[in-house]
Amino acid sequence: MTVVWTDERVEELKRLWGEGLTTGEIGKALGVSKNAVVGKAHRLGLKGRPSPIKRVKQQKAKPEPKIRSVIDLSAHTCRWPIGDPREPGFHFCGKPAIPGKPYCSEHAAIAYVNSSSRSSKDEDAA
DNA sequence: CCCTGATTCGC
DNA sequence: GCGAATCAGG
């Protein structure tokens, strides 16, 4: 595989080498064996580096998972607890709640039932 | 064992 | 000078 090392090849070699590609990658890109690459590189006087050189993958920094909590729920979302808070399947109702109330109409009825039975004659007064 | 790079060795 | 083989490090 005596591919004539033209200036282009050498330039590509140096470029890929500088890119951080491994000898195998460069050799594959140039169509030569990794030995040829490393040999030429060494002969050229390129900088040596640690064996397992790998290009650092650009990891996308995730914004944030955004933890859902009861306070994060919309003000108009029913927060009626379903199940036991200690159990894994615990969740909230999530149905549209009554404005001003943390529960939907159904659960609000349950929540406020008998809580403070308004007398049928305490608000008619003026 | 795999990966890699570095050096050696024959052409 | 070239690359494969070989050696060496991780």
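Just so we're on the same page: letters track the sequence lines, and every chain starts at 1. Excluded from the calculations below are hydrogen atoms, water molecules and symmetry mates; all remaining heavy atoms, backbone and side chain alike, are included.
Position along DNA chain C of the nearest nucleotide to A/Val4 versus A/Lys34 favours A/Val4 as the more 5'-ward residue.
Among the nucleotides B/dA6, C/dA4, B/dG5, the one closest to any side-chain atom of A/Ala36 is C/dA4. Considering only side-chain atoms of A/Asn35, the nucleotide from B/dT4, C/dG3, C/dA4 that sits closest is C/dA4. Picking from C/dA4, C/dC2, B/dA6 the nucleotide with the shortest atom distance to the side chain of A/Trp17 gives B/dA6. Comparing atom distances between the A/Arg43 side chain and each of B/dG5, C/dG3, B/dA6 picks out C/dG3 as nearest.
A 4.5 Å side-chain heavy-atom check between A/Leu30 and A/Trp5 finds at least one atom pair inside the cut-off. Residues A/Val10 and A/Lys40 form a side-chain contact, since some pair of their non-hydrogen atoms from C-beta on lies under 4.5 Å apart.
Taking 3.5 Å as the limit, the base of C/dG3 and the side chain of A/Lys40 contain no donor-acceptor pair of atoms between them.
To the nearest angstrom, C1' of C/dC2 lies 15 Å from NE2 of A/His42. Remark: C1' of C/dC2 and CZ of A/Arg9 are 14 Å apart, rounded to the nearest angstrom. Computed from coordinates, the A/Leu21 CG to B/dG5 C1' distance equals 14 Å when rounded to whole Å. As a whole-Å value, the separation of A/Lys28 NZ from B/dC3 C1' is 16 Å.
One finds a salt bridge joining A/Arg15 and A/Glu12 here, because a Lys/Arg side-chain nitrogen approaches an Asp/Glu carboxylate oxygen to under 4.0 Å.
How far CG of A/Leu13 is from CG of A/Asp7: 11.0 Å, rounded to the nearest 0.5 Å.
Considering only side-chain N and O atoms, A/Thr23 lies nowhere under 4.0 angstrom from the phosphate OP1 or OP2 of B/dT4.
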